[in-house]
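Only one structure is covered here, and it is reproduced in the block below.
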Amino acid sequence: MILYRIYQFIFMLPMVLVLTILTSLVTIIGCVLGGGRIFSYYPAKIWAKLFCWLTLVRVTVRGRENINRKTSYVFVANHQGAYDIFAIYGFLGHNFKWMMKKGLERIPLVGYACRKAGHIFVDNSSQAAVRRTMQDAESRLKDGMSVVVFPEGSRTLDGKMHTFKRGAYQLAMEFSLPVVPITIDGAYEVLPRRGAKLPRPGHIILTIHEPIHAPAEGHDLHSLMDKSYNAIHSALPERHK
């Protein structure tokens with residue numbers, strides 16, 4: 001453990017910082033020059049994979065055959081910890097935009113890179129702001145582009161799943177997009193929200209479930225939410241249920 005901490009401070013943390021700055025700059029420049037579809041996704045995908053590799057975190061993906069790269073989806077996942085972002089970005093294998101809290105836009109350089117990459121900042125400050133968020137989402141979800149949402153809203157404090165919010169499902173129903181549940185298992189052990197300040201070596205498993213289509217009639221929002229919640233819950237070990 002002492003050797004690992006030395007590795008973290010001397011090599012890992014400086015490398016991660018440099019990679020983050022370079023990725024942000026490449027993303028910004030590439031998107032400004034008109035290569036948004038490529039530079040909004042692939043630099044960050046490489047960054048996320050390197051991030052996991054440098055921190056000795058292995059990621060396994062199950063169920064990738066359930067999705068089609070040319071189809072737009074609303075991906076919904078449980079939110080175990082900070083490494084959920086790296087696992088999905090690096091290993092999902094499908095171009096997408098994040099739906100993220102507007103406050104994240106204030107992160108120096110990274111927030112601006114996310115804005116140029118076309119990620120969707122959710123503004124709930126007023127009804128007009130919510131409408132603008134939905135219009136922004138609609139403009140992004142074209143030609144196989146998808147969106148990833150953590151419907152719990154924030155990282156779990158105890159490793160267990162908590163109540164889902166409606167926003168992602170309203171988006172899916174309004175634009176007639178299939179919902180794809182993703183179970184994340186292992187990110188809580190790598191870097192929980194409470195306690196550890198630095199990641200531990202670990203193994204994260206992403207389980208991509210079959211798409212769930214909104215009912216053709218009736219638009220049963222609660223049924224869609226329940227089905228996706230149950231699918232995600234089913235692939236978690238007992239300690240996280």
Side-chain angles (χ1 to χ4, degrees), residues 3-61 64 69 75 77 79-122 136-137 139-140 143-150 154-155 182 184 186-187 189-193 196-204 206:
L3 288 176
Y4 180 64
R5 290 305 183 201
I6 293 172
Y7 162 77
Q8 284 183 312
F9 283 104
I10 293 179
F11 182 75
M12 185 200 80
L13 290 176
M15 283 295 296
V16 163
L17 178 60
V18 170
L19 283 171
T20 301
I21 293 172
L22 286 176
T23 301
S24 298
L25 291 174
V26 169
T27 298
I28 293 168
I29 294 169
C31 291
V32 168
L33 293 177
R37 192 171 183 88
I38 294 173
F39 285 93
S40 66
Y41 175 62
Y42 288 100
K45 178 180 179 178
I46 295 168
W47 165 78
K49 284 191 171 185
L50 290 173
F51 204 111
C52 289
W53 179 75
L54 286 168
T55 54
L56 307 182
V57 174
R58 183 164 57 96
V59 179
T60 299
V61 181
R64 194 179 277 123
R69 288 188 179 185
F75 292 101
H79 204 358
Q80 285 199 338
Y83 268 71
D84 299 340
I85 293 169
F86 309 127
I88 289 178
Y89 235 152
F91 300 90
L92 178 60
H94 193 292
N95 204 335
F96 67 88
K97 305 296 183 186
W98 291 104
M99 286 196 74
M100 56 180 66
K101 295 178 181 178
K102 188 168 178 60
L104 296 176
E105 193 175 15
R106 295 193 293 269
I107 300 174
L109 191 61
V110 173
Y112 183 67
C114 289
R115 171 63 70 184
K116 299 307 293 184
H119 297 300
I120 304 159
F121 291 96
V122 179
D136 191 18
S139 69
R140 301 286 190 269
D143 303 322
M145 186 59 66
S146 296
V147 64
V148 175
V149 187
F150 296 118
S154 59
R155 291 168 289 163
I182 300 175
I184 302 174
E189 284 73 22
V190 171
L191 188 61
R193 186 174 173 182
K197 301 299 183 184
L198 291 171
R200 309 181 184 101
H203 181 202
I204 298 173
L206 293 184

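Everything numeric in this text was worked out from a predicted model, so none of it was measured. Counting begins at 1 with the first residue of the sequence.
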For [X], side-chain hydrogen bond (donor to acceptor under 3.5 Å, both in side chains) partners two or more places apart:
{"X": "Y41", "result": "none"}
{"X": "W47", "result": "T20"}
{"X": "T27", "result": "none"}
{"X": "R5", "result": "Q8"}

>> Give me each pair satisfying salt bridge (Lys or Arg N to Asp or Glu O under 4.0 Å) with a member in residues 48-59, each pair once, sequence neighbours excluded.
In response: none
> Which salt bridge (Lys or Arg N to Asp or Glu O under 4.0 Å) pairs, counting each pair once, include a residue from residues 91-105, with sequence neighbours left out?
Replying inline: K102-E105, E105-R115
What residues, two or more places apart in sequence or in another chain, satisfy side-chain contact (heavy atoms from CB on, under 4.5 Å) together with [X]?
{"X": "L50", "value": "L19, I46"}
{"X": "I21", "value": "L17, L25, L109"}
{"X": "Y7", "value": "Y4, F11, M12, L54"}
{"X": "A187", "value": "Q80, Y83, D84, I184, I204"}

When you measure from the side chain of [X] to the backbone of [Y], do you find a donor-acceptor pair of N or O atoms at a distance under 3.5 Å?
{"X": "H119", "Y": "W98", "answer": "yes"}
{"X": "R64", "Y": "F91", "answer": "yes"}
{"X": "R193", "Y": "R155", "answer": "yes"}
{"X": "R106", "Y": "G111", "answer": "no"}

> Should the heavy atoms of other residues, nucleotides or ligands under 6.0 Å from CG of L33 be counted, would the total exceed 12?
Replying inline: yes
>> Looking at L13, I want to see if its CG is surrounded by more than 12 non-hydrogen atoms of other residues, nucleotides or ligands under 6.0 Å.
In response: yes
How about [X] and [Y]: do any of their side-chain heavy atoms sit closer than 4.5 Å?
{"X": "L198", "Y": "F9", "result": "yes"}
{"X": "V190", "Y": "T55", "result": "no"}
{"X": "R200", "Y": "P192", "result": "yes"}

> Who passes ring pair (Phe, Tyr, Trp, His ring centres under 6.0 Å) against Y112, sequence neighbours left out?
Replying inline: none
> Residues two or more places apart in sequence or in another chain: which of them pass ring pair (Phe, Tyr, Trp, His ring centres under 6.0 Å) with F39?
Replying inline: none
>> Looking at every heavy atom in both H203 and T60, which two are closest together, and how far apart are they?
In response: NE2-OG1, 2.7 Å
> Looking only at heavy atoms, which two atoms of S40 and A117 are closest? And how far apart?
Replying inline: CB-O, 3.2 Å
> Measuring from C114:SG to I120:CD1, what's the distance to the nearest 0.5 Å?
Replying inline: 12.0 Å
> What class does the angle between the rings of H79 and F150 fall in, given that below 30° is parallel, 30 to 60° is tilted and above 60° is perpendicular?
Replying inline: parallel
> F96 and side chain to side chain contact (heavy atoms under 4.5 Å, CB included): which partner among V149, V147, I88?
Replying inline: I88
